[in-house]
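Computation of the quantities below employed the complete heavy-atom set of this structure, encompassing side-chain atoms and omitting hydrogens, waters and symmetry-equivalent molecules.
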Amino acid sequence: MIEKLKSDSQLRLITLLGLTTAFTVALFSVYRLWRGEWLAVAADLGVVALLVSPVVYALRTGNTRGSGLFMCAANSAACWLCCWVIGPTASQWLYLVLMTNFFIATPLPALIANVLLTIALLLMPHLFGSGLQRVAVAVTAVLVTLFAYLFAIRVRKDRDRLELAASLDALTGVPNRRTMEHALTAAVERQRRGEGRYGLVIMDLDHFKEVNDTYGHSAGDSAIADLAAILKFEMRRNDEVFRFGGEEFVVLVAVENRDELQAVAERLRLAVRGALRGPGGRITVSLGAALLGEEDRWQEWFLRADEALYRAKNNGRDSCAVSEA
């Protein structure tokens, strides 16, 4: 759970807003319980349940989109319920709800929820003392929603750009190690649920240090970028390639058995051998592969592929080896 919160900013936001708001409302329910306002207490506890349930769901499943939509609807419904039961005092929550809806849901659903909530409150007969007050609330709600909507769109675009930049390797343009770790974790979970089988291929450029030492780092960078281009071209529809670091790349493939994984690794070796060239001529790769077995963590699976890679190097390089386990 802690790892999910660390890696998913939207999950952190949903958890923070949901639990903070639920705790605040719970404090009000204690005060109303002390005053004997039983109907208001029941409304507050209903709001707490509405806010906590999507947080629990998001933490268990990682589905922040569905949880955000539910919490947005729950936020709006809770505001309406409190205003209906408690009266004008609860209307002060309106503007906070209008803003937070854009933080927990995508802009369009949040906009729709805000419009519906505002209309529902304006039609509530006992909530506003005069027509002028009703107009003032309507204008303020429209302005708050408009500014929050524009701000949410800008923030979402900036976040998408930052997340994309953070997920890709700057030199090659392929996903980086951080993205690879998430992909391998997801593959382990999918296979555990019976949703296919997966293989892992680790490859390392042969004698790469000699390329750097003899022709300079610019030649080494060109070789790495060219290798990434070759691998991207060779990927099948459901295959994924990542730069692990330095001259090492990792390929995640959907395969049914060890023989198919062996064929994939050999195909990649031959593709690189036939296409990759440097200032000193042909550049080859060594590959190690492992079929995902009963491992609970991707690191154990990765270790078996890495051990196979070392066997391939010890076999004279420009070769591939597949883990027997």
Side-chain angles (χ1 to χ4, degrees), residues 1-29 43-86 89-122 124 137-138 140-167 182 186:
M1 184 180 297
I2 299 299
E3 290 300 322
K4 287 183 179 180
L5 288 171
K6 286 182 178 180
S7 62
D8 192 330
S9 59
Q10 187 66 17
L11 180 60
R12 290 197 301 271
L13 188 59
I14 288 175
T15 303
L16 176 63
L17 290 176
L19 295 183
T20 301
T21 307
F23 178 73
T24 304
V25 174
L27 291 179
F28 277 101
S29 71
D44 285 341
L45 294 179
V47 170
V48 170
L50 279 174
L51 294 174
V52 170
S53 55
V55 173
V56 174
Y57 175 77
L59 289 173
R60 292 186 62 182
T61 66
N63 182 1
T64 55
R65 183 177 178 84
S67 300
L69 289 173
F70 183 86
M71 185 176 288
C72 177
N75 243 3
S76 303
C79 182
W80 180 88
L81 177 63
C82 287
C83 289
W84 181 266
V85 174
I86 299 170
T89 303
S91 65
Q92 301 173 23
W93 289 96
L94 170 63
Y95 306 114
L96 179 62
V97 170
L98 294 179
M99 288 188 296
T100 55
N101 278 348
F102 285 102
F103 286 93
I104 56 183
T106 52
L108 183 57
L111 177 63
I112 294 173
N114 281 11
V115 170
L116 293 176
L117 173 61
T118 302
I119 293 174
L121 293 184
L122 290 175
M124 201 173 288
V137 169
T140 307
V142 168
L143 290 176
V144 169
T145 297
L146 177 62
F147 293 144
Y149 176 72
L150 295 175
F151 179 74
I153 290 177
R154 177 62 182 271
V155 169
R156 187 166 291 273
K157 288 181 178 178
D158 290 343
R159 189 183 69 183
D160 290 344
R161 283 197 294 266
L162 288 173
E163 288 182 350
L164 178 62
S167 67
H182 291 306

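In this structure the side chain of M124 reaches within 4.5 angstrom of the side chain of W80, judged on heavy atoms. Side-chain atoms of T24 and W93, non-hydrogen and from C-beta on, do get closer than 4.5 Å to each other. Side-chain contact between V142 and T118: absent, with no pair of heavy atoms (C-beta onward) separated by less than 4.5 Å. In this structure, the side chains of V137 and L121 stay at 4.5 Å or more apart for every pair of heavy atoms. Taking the side chain as every heavy atom from C-beta outward, F102 and F147 never approach each other to under 4.5 Å. Counting heavy atoms from C-beta outward, R156 and T106 have side chains that approach closer than 4.5 Å.
A donor-acceptor contact shorter than 3.5 Å links the side chain of N114 to the backbone of L98.
Within the model, atoms CG of L117 and CD1 of I112 stand 13.5 Å from one another, a figure rounded to the nearest 0.5 Å.
Residues A105 and G68 come closest through the heavy atom pair CB-O, 3.8 Å. Annotation for S76 and N101: closest pair OG-ND2, 3.2 Å, computed over non-hydrogen atoms. Across all their heavy atoms, V48 and A22 have their closest contact at CG2-O, 3.5 Å.
Enclosure of atom CZ in R65 is not indicated, since only 12 or fewer non-hydrogen atoms of other residues, nucleotides or ligands lie within 6.0 angstrom.
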